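What follows is a set of notes on a single structure, which appears directly below.
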Amino acid sequence: MNQSPNAHHLVARRAVFIPVSALIGSYLLSGCLPLVVGGAVVGGSLVATDRRTSGAQLEDEGIELRSVNRLRDAFLERVHINVTSYNRQVLLTGEVPSEADKARAQDIVSRVENVRSIVNELAVLGNSTLTSRSSDALVTGRVKAAFVDAKDLYANAFKVVTERGTAHLMGRVTQREATRATEIARTTPGVQRVVRVFEIISEEELQRMLPQPAKPGTAPAAGASN
């Protein structure tokens, strides 16, 4: 895939349910790395569930698409901006030419319907190269794989966005999970810095979200076989 490092990039990041090993393998075989490897990985010994409601997930998709369209209209080909929404909290990453552009991008996204808050991590720099973005994609894959390997984490509860070696962690997680995930990300090869964009929930809230085990003596569902 040939792509000029100065090309215009406005990316809406979405969750993808693909094993990390397969994801990285496909990159190496094709020689072409996507700019976005965020989202979720199904695996590990813990059940993978998205902690957002279905309505919130749809809202996040809408926020990302509307934000990208409005930013494209405003900046044309001068910027590289990634838009990631999780539970209506928006993370902006990438590069813009000036502090004025950084503030303008935030103002534009703040006017998008359903946006609750914005974390503006845009850097005032020239647009990153395809090599840099490819490296970031691999780092994201490593962080997600490390979350899967950590048997005390629900890997699918986290969204990871890597930009210039900085891993941004998003999700609705407990303080315990936030601390553990941060420790793992900081020790992952290629990660230079960790930015936490978490919505902290209580352990009681987490327990209410998790699938409840069947009570002893409960009859199996119709059609179930021994």
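Throughout, numbering of the chain's residues begins at 1 and tracks the sequence. Quick caveat, the model's predicted, so the values are computed rather than measured.
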Tell me if a side-chain donor or acceptor on [X] pairs with a main-chain N or O of [Y] at a distance below 3.5 Å.
X      : Y      : value
Asn87  : Gly171 : no
Thr53  : Ala56  : yes
His80  : Asn127 : no
Asp101 : Val96  : no

Using 0.5 Å steps for rounding, measure from the [atom1] atom of [X] to the [atom2] atom of [Y].
X      : Y      : atom1 : atom2 : result
Ile118 : Ile108 : CD1   : CD1   : 10.5 Å
Glu203 : Leu206 : CD    : CG    : 6.0 Å
Glu59  : Ile63  : CD    : CD1   : 6.0 Å
Phe75  : Ile81  : CZ    : CD1   : 5.0 Å
Arg51  : Tyr154 : CZ    : OH    : 7.0 Å

More than 12 foreign heavy atoms under 6.0 Å from CZ of Arg111: is that the case here?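 Incorrect, the count does not exceed 12.
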Polar contact flag, side-chain donor to acceptor under 3.5 angstrom, Arg142-Thr188: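 No pair is found: no donor N or O on one side chain lies under 3.5 Å from an acceptor on the other.
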Go through the side-chain N and O atoms of Arg164 and Ser132 and say whether any donor and acceptor fall under 3.5 Å apart. no
Consider salt bridge (Lys or Arg N to Asp or Glu O under 4.0 Å). Of Arg88, Arg66, Arg52, which one does Asp60 pass it with? Arg52
Establish, for the pair Arg180 and Phe147, whether the NZ or CZ atom is under 6.0 angstrom from the six-membered ring centre and no further than 45 degrees off its axis. no
State whether Arg104 and Glu99 are salt-bridged, where the test is any N-O pair (Lys NZ or Arg NE/NH1/NH2 against Asp/Glu carboxylate O) under 4.0 Å. no
Should Arg193 and Glu163 be marked as a salt bridge (Lys or Arg N to Asp or Glu O under 4.0 Å) after you check the CA-CA gap, both sets of side-chain angles, and the distance that decides it? CA-CA 10 Å; Arg193 174 172 168 254; Glu163 197 77 54; over 6 Å; no
Are any of the side-chain heavy atoms of Val68 and Glu64 separated by less than 4.5 Å? no
